[in-house]
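If you read the sequence from its start, that first residue is 1, and numbering goes on from there. Computed from a prediction, not measured in an experiment: that's the story for all the values here.
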Amino acid sequence: QVQLVESGGGLVQAGGSLRLSCAASGRIFSWYAMGWFRQAPGKEREFVAAIRWSGASTLYADSVKGRFTISRDGAKNTVYLQMDSLKSEDTAVYYCAVGVVWSTAPREYSYWGQGTQVTVSS
C-alpha cells in the first residue's frame, strides 16, 4: 500500500508561482512513476508531469513545459511540482499519483492522493 498526501495549493494571481508537495509513504520502488495530474470542473483528468521515484527521468505535458518543474527529495519521500508563470487555465484540482508503468495515462496509476485546489485569478 502507498499513501499520498498533497499540499501547497491555493489562490494566486496570473503570472505567480506555487509549489505543490506530495508526501509519500509505503513501499515504492525506484522505477515507479510519480505523476501529477489535474482536473478542472467539467473536464477529464489530465497528465501534468511525472518523475521516476529514482529521479532518473522526467516528463511534462506540452501545456506546462517550460513553466512547471517536477522534482523529488528522497530523504523526505516527497515529490514537488514547482509551478511558475501560472495562467488562469491552470486552475484545477491537482493530484499526485503512483504508478508501476511509466505513463501519462491516469488509468496506469494505482494510488492517488486526495487532491489540492489551485486557483489562478486573471
Side-chain angles (χ1 to χ4, degrees):
Q1 281 281 18
V2 175
Q3 294 80 40
L4 303 169
V5 179
E6 302 102 333
S7 61
L11 174 64
V12 63
Q13 288 190 332
S17 298
L18 279 176
R19 189 178 78 158
L20 305 183
S21 300
C22 175
S25 60
R27 194 166 190 175
I28 303 176
F29 293 96
S30 61
W31 65 86
Y32 280 12
M34 303 293 295
W36 283 99
F37 294 81
R38 65 187 182 187
Q39 189 166 18
K43 295 188 176 181
E44 293 187 353
R45 193 167 296 190
E46 66 173 1
F47 171 77
V48 175
I51 188 168
R52 292 275 191 189
W53 186 242
S54 66
S57 303
T58 58
L59 186 62
Y60 295 92
D62 288 343
S63 59
V64 306
K65 204 171 292 184
R67 300 189 298 121
F68 291 11
T69 304
I70 190 170
S71 62
R72 63 176 286 279
D73 184 332
K76 295 182 178 180
N77 279 358
T78 300
V79 175
Y80 303 98
L81 186 68
Q82 176 66 40
M83 306 185 295
D84 299 319
S85 302
L86 282 161
K87 306 175 181 179
S88 57
E89 51 262 45
D90 294 318
T91 295
V93 177
Y94 283 71
Y95 300 88
C96 68
V98 173
V100 177
V101 178
W102 184 244
S103 173
T104 62
R107 66 178 180 275
E108 298 290 355
Y109 287 75
S110 304
Y111 300 99
W112 293 82
Q114 81 286 356
T116 185
Q117 176 70 47
V118 171
T119 303
V120 184
S121 63
S122 56

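One hydrophobic cluster holds both Val93 and Phe37 under the rule that ILVMFWY side chains link at heavy-atom gaps under 4.5 Å. Under the 4.5 Å side-chain heavy-atom criterion for Ile, Leu, Val, Met, Phe, Trp and Tyr, Leu20 and Tyr60 are members of the same hydrophobic cluster. Both Val118 and Val64 are assigned to one and the same hydrophobic cluster, defined by single-linkage of ILVMFWY side chains at heavy-atom distances under 4.5 Å. Cluster annotation: Leu4 and Ile51 are assigned to the same hydrophobic cluster (Ile/Leu/Val/Met/Phe/Trp/Tyr, side-chain heavy-atom contacts under 4.5 Å, transitive). One hydrophobic cluster, built from ILVMFWY side chains closer than 4.5 Å, holds both Val100 and Met34.
Sorted by first and then second residue, the pairs that involve residues 93-112 and meet side chain to side chain donor-acceptor pair (under 3.5 Å), not counting sequence neighbours, are Arg38-Tyr94.
Leu59 is listed as a side-chain neighbour of Phe47, based on a closest heavy-atom distance under 4.5 Å. Side-chain atoms of Leu18 and Leu86, non-hydrogen and from C-beta on, do get closer than 4.5 Å to each other.
Taking all atoms of both residues into account, the shortest heavy-atom contact from Val98 to Tyr32 is CG1-CD2, 3.7 Å. Shortest non-hydrogen contact noted between Trp36 and Ser21 is CH2-O, 3.7 Å. Between Ala14 and Ser122 the shortest heavy-atom distance is CB-CA, 4.2 Å. Contact record, Trp53 with Asn77: CZ2-OD1, 3.6 Å, taken as the closest heavy-atom pair.
Under 4.0 Å is where a charged nitrogen must lie from a carboxylate oxygen, and between Lys87 and Asp90 no such pair does.
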Report the C-alpha separation of Tyr80 and Ile70 in whole Å, then their side-chain angles, then the decisive distance to 0.1 Å, and conclude whether the side-chain contact (heavy atoms from CB on, under 4.5 Å) test is met.
CA-CA 6 Å; Tyr80 303 98; Ile70 190 170; over 6 Å; no
Passes side-chain contact (heavy atoms from CB on, under 4.5 Å), Val2 versus Arg27? Steps please.
CA-CA 6 Å; Val2 175; Arg27 194 166 190 175; 5.6 Å; no
Residue pair Thr91, Gln117: steps toward the side-chain contact (heavy atoms from CB on, under 4.5 Å) verdict
CA-CA 8 Å; Thr91 295; Gln117 176 70 47; 4.1 Å; yes
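Using modelled atom types, one finds a donor on one side chain and an acceptor on the other under 3.5 Å when comparing Ser17 with Asp84.
Looking only at distances, no side-chain donor or acceptor of Arg72 sits under 3.5 Å from a matching main-chain atom of Thr78. Although no hydrogens or angles enter the test, the distance criterion places a donor-acceptor pair under 3.5 Å between the side chain of Thr116 and the main chain of Gly9. Panel note: side chain Glu6, backbone Cys96; a donor-acceptor pair is recorded below 3.5 Å.
In Gln13, the CD atom is not crowded: 12 or fewer heavy atoms of neighbouring residues, nucleotides or ligands sit closer than 6.0 Å.
Note: Phe29 and Trp31 have parallel aromatic rings, judged against thresholds of 30 and 60 degrees for the angle between ring planes.
Considering CD of Gln114 and CD of Gln3, their distance stands at 12.0 Å, rounded to 0.5 Å. Summarising the geometry, atom NZ belonging to Lys65 is positioned 12.5 Å from atom CZ belonging to Arg67; distances are rounded to the nearest 0.5 Å.
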